[in-house]
Amino acid sequence: MNERLGRFHRIFKEQTVQDNRFYPFEEIEHKWQSRWAERNLFKTANDGKRPKYYVLEMFPYPSGRLHMGHVRNYTIGDAMARFMRMKGFDVIYPMGFDAFGLPAENAAIKAAREQGIALDPAAFTQRCMDDMVAALKRMGYSYDWDRFLATCYPEYYKWNQLVFLRMFEKGIAYRKKAAVNWCPDCDTVLANEQVIDGKCWRHTETTVEIRQLTQWFFKITDYAEELLNELDNLTGWPEHVRIMQRNWIGRSDGCLVNFELADPRPGEDKNLPIFTTRPDTLYGVTFMVIAPEHPRAFEMAKGTPQESAVREFINRVAIQDRSVRTADDREKEGVWLGREAINPLTGDRIKLFTANFVLMEYGTGCIMAVPAHDQRDFEFAKKYNIPIKIVIRPESEKTISQQQKTYIEEWLRAGMPDDGSGMKGAFIEPGILHNSGPFTGTPSTEGIGKIAQYVADKKIGNKTVQYKLRDWLISRQRYWGTPIPIIYCEKCDAVGEREENLPVVLPTDVSFDAKGNPLRTSKTFIDTRCPKCGAPAKRETDTMDTFVDSSWYFLRYCDPKNTELPFSPEAEQKWMPVDQYIGGVEHAIMHLLYARFYTKVLRDLGFVKCGEPFKNLFTQGMVCKEAPFCPQCNTAIPVNNLTDGKCSRHCCNVEMRSVKMSKSLGNTVDPSALINKLGADSLRLFILFASPAEKELEWSDQGVEGASRFLNRIWRYIMANKEALREGKRLCAQSPFNPNENEAAKKLHRMTHIAIGRVTSDISQRFHFNTAIAACMEFLNGITSFEIKEDEITKKAAFEAVKTLLLLLAPMAPHLMEELMEELGCEDSIATQPWPEFDAQAAAFDEVDIVVQVCGKIKAHLMIPAEADETFVRERALADTRVQQALGGKPIRKAIYVPKKLFNIVV
RNA sequence: GCGGGUGUGGCGGAAUGGCAGACGCGAUGGCCUUAGGAGCCAUUGGGGAAACUCGUGGGGGUUCAAGUCCCCCCGCCCGCACCA
């Protein structure tokens, strides 16, 4: 009985679902995706008559599955591309894959080690790409698939190699010895992102070492100044991204000063150059510090009683992982080298230390230390009993900040003794120079320039600029990347491969079973001949960082099939720069900085004209969903780390918090399941509606259903009124629609233009699809409450409104809008139709609602003709009984009239 | 520590200095139904019977008028972090 009832319900439900709830999205979406493909509708138009517009999304790594973050990114881009096409631009909107990288190689290693089978990263990657392309197509994105590229194809990475060779010739690509992360178990270098808490990602017990290795670098520091300066012109970029880049480049103006080693040994270099931004404190230098990994640190200590202490210290500290060494609670420690130096301005002898807080990579790897006026130096001096020497005194108590005061209160009370006694911290603020030879009495802010000049005049230093930015290490001891086209010859050293021999193709005869770089196991790859002298030689087995691949793919899209050049100058000049780049803020520094750098290099090599690749940048927010959050771990935790609903580690209660969707937390939602359930249009619409595009998006299953309901309401309305609407279309074709013939039609016409105005400005000025969709929802409510009668005028009005609604929603929910447009009897694809023109007059109200306030409190609403003047409004307002009551006969002191909005009476 | 962002109903979020809470979700009541996880209608910030009143993280200020502008403080999020 129950079973029969259940079956009955099911059958019935299916029917009603079809009739009532869901429009046939599957059928419709499939139909239009096929049509777009058949007609190659989104092939980049290039008649040259219309302005170009380049929409680009950050291309994905082919993981094989599309996740919600992709969907959000690409839905924003697609809506923009479709909108701009309708606005009359020649839109170029390409897609491809950032296809080199570790996961494919790791899959091959895993297959080889665990199952003993061979897995080809190329085939593996290709399968993943095929799956993702299918998923992208199911979302209905309007890419020009003819421009598809994948960075792992030799026809793409060939150009990485060509550009590398040209950079090599100009010295922009070079080799140097550098400190890198090294895993002794893997027998290879690791990328920074592969080091987790100082351990290897593959061997969680293995501490990563720092090793000195010879690696390939790109000389991005040569471009530091330009990369910094041009940021000011990138007004189409979010301010916070520009700030991040500025900080990353980290320009600081200062001066190089040469200190000299006291009692130099025969043949020993006595120069000890330092960099400082505070030449005004030079008279206060009481010691110096050299970085432990500085090659001279141990050299100088040799033969002194300190030698063994220094050796012990360097061995311990120089090997430490950077994350350990620079942890925020890291105490400063160091050791005297047993040597002294001379302060060039005072002639004082000062001790020379090595210490963990001085970095080899910045400045000269050696510093002057002024404990009185630098907090770090102060801490170190206190710990090791080094003298403090005051050379700046505060101008007056008033000029000292509250924070600074807490450190130096006692010192001030003691009358500012020169040895800094009483100081709890350094005095780092501006003041008056003290004990500074001829500069005593000068304001320290002026002293900076004056002493720098003095030092320069005495030829012991000069003004310079330092950057935090370091050269880009591009070597990777990995298989799945672009081979670096270099050949090592015993006689000729590192020689570039001949350009006509490019690409240097990745060999397939490699073993993923062995340790180290699989490329080294190839029997065909390594041995070759020197391009210069013809002697037997060996190929470089390092591959390029995959950020190289993604530093110019937007240029290749302009001319993706070119076999002679990476891209033709004509194509580059036609399409570049990218007008709208869209992606996640996680790429704010690395990718965006590298791409800017690479573009400038290509310009200097004569490949491109443009110097900045991305005119406008939009960073979309993350997609978030609730996950258990442990207050003690202070982080979200995966569901399977819960025991009886409590955090397994702390046994404490968890709260639910919205955090970024991630596979590891298990709070993801699979887009393809949603496409199956509600269709791509519903998913697209929800993701655009749920929040402004730049902000975080809180996932809501009910929200998607809401979006789906809205689309269904449009569909049902049009299906129910199809004949009348088609009739309206015919009538409009016969004679123009004049909304003024009928009050209701005029109202609907006004709503139509209000919607056009709102949607257009929301999309084009602010990327606020959420409010654009809200406007469409309101518009639909207006349409459904409009009564279509048997007369011509209401049918025309309804048709105009409905057609406009479809056009406005076409960028966001394209499949259904296409279908419904066809149902109305329109033959052209909606994607090629012009965006509706906004008519401000039609959108204007004849009568407006004026709020009447007495002392800022609302007392009445008045419907007033829009063109009414203040006198008229005042008269009507004062005639209102509630207003009179509120005034209570008191004299009017003032009245403010905001046309068409408000009238405020002050008594 | 430094830099940036952010804080508005039960929830996501709207508001060129001018009616706070558009639009949606959820909830409540009703209609339609053999049925409802469909659809339609209505209500939905708090307090109050009502007139009214209180409400945009907290405290001051400017203004006829402040979520919005200025000053101080607090919470959360994201970068960077011994950069000499």
Side-chain angles (χ1 to χ4, degrees), chain A residues 5 8-9 12-13 16-17 19-22 238-244 246-248 250-252 254 274-278 281 289 325-328 330-332 355-359 361-370 374-377 379-380 403 466-470 585-586 588-589 622 624 657-660 686 689-692 694-707 709-710 712-713 716 758 768 770-781 784 849-858 861 893-898 900-907:
Chain A
L5 202 68
F8 172 75
H9 275 208
F12 210 95
K13 221 167 172 175
T16 47
V17 157
D19 293 347
N20 259 335
R21 184 163 173 207
F22 296 111
E239 187 58 27
H240 68 277
V241 174
R242 291 196 281 165
I243 288 169
M244 278 200 231
R246 208 168 279 137
N247 292 343
W248 189 260
R251 177 188 162 120
S252 72
I274 57 95
F275 174 74
T276 181
T277 54
R278 295 291 304 274
T281 63
V289 189
R325 184 159 149 201
T326 60
D328 36 342
R330 188 86 201 144
E331 207 185 317
K332 288 171 187 41
N356 60 349
F357 72 98
V358 173
L359 307 172
E361 313 88 80
Y362 190 75
T364 62
C366 184
I367 64 158
M368 67 177 211
V370 187
D374 182 286
Q375 186 57 28
R376 294 156 301 181
D377 301 346
E379 286 169 31
F380 193 82
Q403 201 184 0
Q466 283 287 330
Y467 300 91
K468 229 172 77 179
L469 183 72
R470 282 178 236 137
V585 73
E586 64 273 19
I589 311 255
M622 297 182 300
C624 298
R657 267 209 211 172
S658 180
V659 292
K660 183 183 179 180
F686 167 71
F689 177 65
S691 123
E694 74 277 8
K695 282 185 54 176
E696 282 184 0
L697 184 148
E698 167 76 17
W699 186 262
S700 156
D701 286 326
Q702 284 99 338
V704 195
E705 282 166 28
R709 266 203 292 274
F710 169 61
N712 272 291
R713 273 171 53 214
R716 275 203 313 274
R758 283 175 62 186
H768 278 201
N770 59 331
T771 48
I773 292 166
C776 290
M777 286 171 167
E778 284 179 65
F779 185 26
L780 177 66
N781 292 341
T784 51
D849 181 12
I850 300 269
V851 175
V852 182
Q853 296 179 330
V854 175
C855 289
K857 309 239 175 207
I858 300 151
H861 286 261
R893 238 186 13 184
K894 197 175 171 184
I896 294 103
Y897 177 60
V898 182
K900 297 183 190 182
K901 272 193 184 143
L902 167 141
F903 188 68
N904 190 9
I905 305 163
V906 188
V907 291

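Below, read A as the first sequence line, B as the second, and so on, with proteins coming before strands; counting in each chain starts at 1. We use all heavy atoms of the structure for the numbers below, so side chains are in, but hydrogens, waters and symmetry mates are not.
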Counting side-chain heavy atoms from CB outward, which of [options] is closest to [X]?
X: A:Leu902; options: B:C77, B:C23, B:G18; result: B:G18
X: A:Met777; options: B:G24, B:C19, B:G13; result: B:G24
X: A:Phe689; options: B:G12, B:C25, B:C80; result: B:G12
X: A:Leu359; options: B:G3, B:G13, B:A84; result: B:A84
X: A:Asn781; options: B:G79, B:C77, B:G24; result: B:G24
X: A:Val898; options: B:G18, B:C19, B:G26; result: B:G18
X: A:Ile243; options: B:A84, B:C76, B:G4; result: B:G4
X: A:Phe357; options: B:C40, B:C82, B:G26; result: B:C82
X: A:Glu778; options: B:G4, B:A84, B:C23; result: B:C23
X: A:Ser700; options: B:C25, B:A14, B:C64; result: B:C25

Using the [atom1] atom as the reference point in each nucleotide, state the distance between [N] and [M] in Å, no decimals.
N: B:U62; M: B:G9; atom1: C1'; answer: 29 Å
N: B:C72; M: B:G4; atom1: P; answer: 14 Å
N: B:A15; M: B:A42; atom1: P; answer: 25 Å
N: B:A14; M: B:A22; atom1: P; answer: 13 Å
N: B:A20; M: B:A65; atom1: C1'; answer: 14 Å
N: B:G21; M: B:G7; atom1: C1'; answer: 16 Å
N: B:C11; M: B:G57; atom1: P; answer: 13 Å
N: B:G18; M: B:G30; atom1: C1'; answer: 38 Å

What I want to check is whether an N or O donor and acceptor connect the side chain of [X] with the base of [N] at under 3.5 Å.
X: A:Asn770; N: B:C23; value: no
X: A:Lys894; N: B:C64; value: no
X: A:Lys857; N: B:U53; value: no

Considering every strand and a 4.0 Å limit on heavy-atom distances, what is the contact class for [X]: base, sugar-phosphate, or nothing?
X: A:Arg713; value: sugar-phosphate
X: A:Asp377; value: nothing
X: A:Gly363; value: nothing
X: A:Ile896; value: base
X: A:Ile858; value: sugar-phosphate
X: A:Glu696; value: sugar-phosphate

Go ahead and name the base partner of [N]; Watson-Crick or wobble counts if both distances stay under 3.5 Å, otherwise write none.
N: B:A51; value: none
N: B:C76; value: B:G5
N: B:U33; value: none
N: B:U43; value: B:A27
N: B:C69; value: B:G61
N: B:A15; value: none

Please check the phosphate of [N] (OP1 and OP2 only) for any side-chain N or O of [X] closer than 4.0 Å.
X: A:Arg709; N: B:C23; value: no
X: A:Thr771; N: B:C23; value: no
X: A:Arg246; N: B:C80; value: no

Quiz item: Is the base of B:G9 syn or anti, if syn means a glycosidic angle within 90° of 0?
Solution: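 Here B:G9 takes the syn form, which means its glycosidic angle is within 90° of 0.
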Spacing of [X] atom [atom1] relative to [N] atom [atom2], expressed in whole Å:
X: A:Glu239; N: B:G5; atom1: CD; atom2: P; result: 8 Å
X: A:His768; N: B:A22; atom1: NE2; atom2: C1'; result: 15 Å
X: A:Phe710; N: B:C23; atom1: CZ; atom2: P; result: 13 Å

Quiz item: Rounded to the nearest 0.5 Å, how far does OH of A:Tyr897 lie from CG of A:Leu902?
Solution: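 Reported to 0.5 Å precision, the distance equals 9.5 Å.
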Quiz item: Looking at CZ of A:Phe689 and OG1 of A:Thr771, how far apart are the two atoms once the value is rounded to the nearest 0.5 Å?
Solution: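 That separation rounds to 9.5 Å.
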Quiz prompt | Any donor-acceptor pair under 3.5 Å from A:Asn904 side chain to A:Val898 backbone | solution =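 Answer holds: no.
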Exercise. Would you check, one step at a time, whether the test side-chain contact (heavy atoms from CB on, under 4.5 Å) holds for A:Val851 with A:His861?
Key: CA-CA 5 Å; A:Val851 175; A:His861 286 261; 4.0 Å; yes
Self-check item: Shortest non-hydrogen contact between A:Ile589 and A:Met244, atoms and distance
Solution: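 Looking at all heavy atoms of both residues, the shortest contact is CD1-O, 3.4 Å.
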Self-check item: Criterion side-chain contact (heavy atoms from CB on, under 4.5 Å) on A:Arg246 and A:Arg251, from CA distance to verdict
Solution: CA-CA 8 Å; A:Arg246 208 168 279 137; A:Arg251 177 188 162 120; over 6 Å; no
Quiz item: Do the rings of A:Phe380 and A:Phe357 sit parallel, tilted or perpendicular, given the 30° and 60° boundaries?
Solution: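 Ring orientation, 0 to 90° scale: tilted.
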Exercise. Go through A:Ile367 and A:Asp377 one step at a time and tell me if the side-chain contact (heavy atoms from CB on, under 4.5 Å) criterion holds.
Key: CA-CA 10 Å; A:Ile367 64 158; A:Asp377 301 346; 3.9 Å; yes
